[in-house]
Every structure is written in structure tokens, then in C-alpha cells.
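As C-alpha cells, the structure follows; a few thoughts come after it.
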Number of protein chains: 2
Amino acid sequence: MNNHTESEENYIKALYYLGGEATVASGALANRVGAKGPSATQAVRRLASKGLVEVIPYKGVKLTLDGLTLAKHILRKHRLWETFLVEKLGFGWEEVHSIAEQLEHIQSRELVEKLAEYLDSPAHDPHGDPIPQADGKIPPAVGKPLQQFPQGSSLKVVRVEDAGTDFFTQLDLLKISLGKEYTLKSVSSFDFSIQLQAEEGESFWLSHSMSSNIYAISL
Amino acid sequence: MNNHTESEENYIKALYYLGGEATVASGALANRVGAKGPSATQAVRRLASKGLVEVIPYKGVKLTLDGLTLAKHILRKHRLWETFLVEKLGFGWEEVHSIAEQLEHIQSRELVEKLAEYLDSPAHDPHGDPIPQADGKIPPAVGKPLQQFPQGSSLKVVRVEDAGTDFFTQLDLLKISLGKEYTLKSVSSFDFSIQLQAEEGESFWLSHSMSSNIYAISL
DNA sequence: TCAAAGGTTTAGTTTTACCTAAACTTATTT
DNA sequence: AAATAAGTTTAGGTAAAACTAAACCTTTGA
């Protein structure tokens, strides 16, 4: 029950990403893993025979409890490795995803726990996403999207959505990173863009699509 | 030319281990990777079609220059990861091999170089084996087997052969580790066992099969 | 409600990577 | 030099994991 291929793990991860414990359509699953429909149907059958998912033909797929546990464990590894890559090796946050996608498949319980310890058992990864713990519990996802803050509020950026390389590049350009504090100066009622002001006086505008991927807490 | 499967990399690694640049019999190769003869024949054909090896049927297989470069790169990754696992995560040297066998297949040039830098560009891994450098050069293998030292000589352990779990367990039991210094008190002319004396006076005997896997330099 | 559209599954093919059994080379021994 | 032993390759089979084309459900729209 403990030996899975990379492909299997990728399907499990995708299932978790798309629906958590809910039912997912095979087309969406195929799409997520970058395969065509029939490949997903077939893969899902293999997973079902290992007791990781339940399938209702023409209806959808759902993770079993075992599948859910596995999904969270893979996510744990992914986010721990991301943390390692950024904190210890000095990678930028846009570069780590594809490497962590490989590292998350390394099989060694002991390695995962030693790595977690080495990183001081973090609850959140470099993007601010919660890292599932060894017991399966998931720390709360912190922050609300910037739009939900009223004008004039003081806030701290605590999380960014993984919205692709271009998004991260833009964040770097604007020198936005986790922990930075801003005052929300104004919100355009025309295009919902947002004006932020940093401590040191510089202020700048963020498009709606940028700001909706940035999460903060109020100070 | 830069995209290889894990299986392919395992065959390349085995070929390098068994013969370096020399010709290797397909049976020995199969044996090393834990497969049967026909699997090796087939695998070797795939490698040949990618220009990584040259085959003479019924005679043997040999790495090409590309194959050799790849082999050294994989070995570099393996030994860097071993170093990481021992130095940073606190693994014992007997535990790291199987985990490094997985990690060595992670594909990211940048990761390898950042890891090397993080470890201070080591020339040797935790067993004292040389780590191939980014340019393909291999640092000298240090030390001679204990038997080659005359009675009465002072020596420092600098390298141990990877001779399996039981060997490492025995080393731990005897508290032998890299960097430790001893005086070679006597050599039995009956069974070639060796008597070592540590600084703090304790002395003990090593069987021939133990001592032939332990390498040292004289002080 | 019934038919077209859209999504899903089946059928059949490909590649990697392993296997066993049989055929074939090479080496050894008498 | 011929026979046998040892090692290698071919032949044919299986499983994972992907694909395309065709058949099959479901849903939706006229």
C-alpha cells in the first residue's frame, strides 16, 4: 500500500488540488495532469484498484481516505522542499515549483521528517501556503485578497497565489515579498485596481488580476 | 540529448561503476542493476541509439564520451546529496545511500550547483569518496587500505568503502569515523587481522575483511 | 421528447522496461 | 577437433502510461 509511481502520485495530487474530498470530472483531471481523457480514465482505474480513489463511471472520481492521506503527504513534501530551496539554497520563489515537483516524489519518511526539523517545522511555505503536518493536519490558510481591505487600512502581505512565472516576475519587479507592509491608499471603482503605499513613501498601482492573487492580514 | 529516464541513468551509472571507460559484459551489467540478462541487452540498445554507449554484440558495452560525462554528473549528484544528508540533516552514513539513489535523478543544473555551493563545494563525500566536479574533473581518491601500513605507523582514517549496512554498523560499534587517528600496533601473520590503538589508549582488533575496506593516510 | 453536442469510456497502438524460455555464440575441456 | 558449459541475444509475453479514433452516455436545446 505504500509504493506508488510518480504518475500515480501526480494524479492523486491533481485530484486533491481540484476537489479535495469532492468528486472531480475525469476531463478536468486529465487537463490538470497534462494528459488526454483516456489516459486519465485508465490511470484512475489503476488508482481504484489500489484503493486510493472511488470511481463512478461517467460521473466522476473521488479520493478515498487513503488517497487523501497520500495527497496531503505529497503536498507536505512539495512545500517542505520549496521552503528548503528558497530558505537554504537561495532560489527565487518563481523557480522552485518545477524542482519541487520532482523532489516531492522522493520516498523516505525519515528524510521528510529530518528535512522538516532542519527547517524548524515550518507551518507555511515561501508563498505563504500551509504545509500539511506529519499528522495530516493542515495549518489555517492566512490572509484575505487585497480587494477585501477597506481604503486606508494598514496591511501585511502574508501569501501569494502560485499564478505562474509572469506573476512572480511582476512581484519581484514591484519588490513585493512576504512580510512587507503597506497602506492601501485607494481603490479604483472603474477597474478595481489598487494603490499601495510602502513605508518608505513609494506608492504604486496594482491591477485587479495582480491584487486578487495577493493575500494580506490587517495590522 | 539531455533527457534520460531513471532506468537509463541507472544503467549508465552501473557501467561507470563496473568499468569506467572500459568494456563491460552485459551479464555483469544486468547483475549490477538488479535485472536479468535480456533486460540489460535491451536497455543497452536503447542507450546506444541515444549515443551514450557503444555495443559489440557478444563482446560487451562501453560508455561513449557523452555517456561518461553523464555518468560523472550522476555520481556528482549522488555524492553531493549524500553529503547533504549527513552534514546537514544528520543521517548516519549507512542510511544515506538508498535515499541518494533517488535524489541523484533530480534534473536541475541550477539545483546541483546551488547545492554544491551550500555545502562549500566539497571534494569528498561523507565516505571519503571523491565528488566529480562541475567541469568533470575528479579529485584524487585518498588513502591506502590499512594493510598497506607498516607496524607502528601513525595514521588517519580518510575513506571507507561502501561495503553494505553490516559493515557500517560494525564501524559505528567500533566508533571508527573519518578523521579519527590511530597507531597500527600489530598485524597478525596468521589471519592478517590488524590491531589499532586510539589516542585514548583503547586498542582493538580488526578482521582482514574489515580493514581492507578502511583507507587511511600516514601522519 | 428527441437529437445534436459535449464529455467519457472502450478499442487498439506505441514505448519503456521488465520477465521467461529458447536459440545462438564463445570459451573450455577432454 | 568436438562436445559441453557458460554467457548473450532473440522471441514472445506483461504491465504502466501515454496516444488517436470510435463508440458510448448525459445533458441540453429546439
Does a side-chain N or O from B:Arg45 land closer than 4.0 Å to OP1 or OP2 of D:dT10, or not?
yes
Candidates D:dA17, C:dA17, D:dT9 - which lies nearest the side chain of B:Arg46
C:dA17
Would you say A:Lys36 reaches C:dT9's phosphate, i.e. side-chain N/O to OP1/OP2 under 4.0 Å?
no
From NE2 of B:His4 across to P of C:dA17 the rounded distance in Å is 12 Å
Describe the nucleic acid contact of B:Gly27 in one word from base, sugar-phosphate, nothing, applying a heavy-atom distance below 4.0 Å.
sugar-phosphate
NA contact type, A:Ala40, heavy-atom cut-off 4.0 Å: base, sugar-phosphate, or nothing?
nothing
Measure from CG on B:Leu52 to P on C:dT16 and round the result to the nearest Å.
13 Å
Below 6.0 angstrom between ring centroids: does that apply to B:Phe149 and B:Tyr215?
no
Crowding at CD, B:Glu21 (>12 non-hydrogen neighbours, <6.0 Å):
no
Can you tell me how far C1' of D:dA16 sits from CG of A:Asn10, to the nearest Å?
14 Å
Length of the line joining B:Ile56:CD1 and C:dT25:C1', which is rounded to integer Å
15 Å
Could you please spell out the steps behind the side-chain hydrogen bond (donor to acceptor under 3.5 Å, both in side chains) verdict for B:Ser193 and B:Asp191?
CA-CA 5 Å; B:Ser193 57; B:Asp191 63 359; 2.8 Å; yes
Could a donor-acceptor pair under 3.5 angstrom be found where the side chain of A:Glu8 meets the base of D:dA16?
no
What's the closest nucleotide to the side chain of B:Pro38 if the choices are D:dC19, C:dA21, C:dT9?
C:dA21
Within this structure, what is the CG-to-P distance between A:Asn31 and C:dG7, rounded to whole angstrom?
11 Å
For the residue pair B:Tyr11 and B:His4, is the inter-centroid distance of their aromatic rings smaller than 6.0 Å?
no
Base, sugar-phosphate or nothing for A:Ser39? Non-hydrogen atoms, less than 4.0 Å.
base
In whole angstrom, what separates B:Lys50's NZ from C:dT16's C1'?
10 Å
Between C:dT16 (P) and B:Leu47 (CG): distance, integer Å:
11 Å
What's the closest nucleotide to the side chain of A:Ser26 if the choices are D:dT10, D:dT27, C:dT9?
C:dT9
B:Gly92 backbone acceptor or donor facing B:Glu95 side chain under 3.5 Å
yes
Rounded to the nearest angstrom, tell me the gap between atom CG in A:Leu29 and atom P in C:dT8.
10 Å
Heavy atoms from C-beta onward define the side chain here; which of C:dG7, D:dT8, C:dA21 lies closest to that of A:Tyr58?
C:dG7
Out of C:dT9, C:dC18, D:dA16, minimum distance to the side chain of A:Pro57 belongs to C:dT9
Using a cut-off of less than 4.0 Å, is there contact between a side-chain N or O of A:Thr41 and OP1 or OP2 of C:dT10?
no
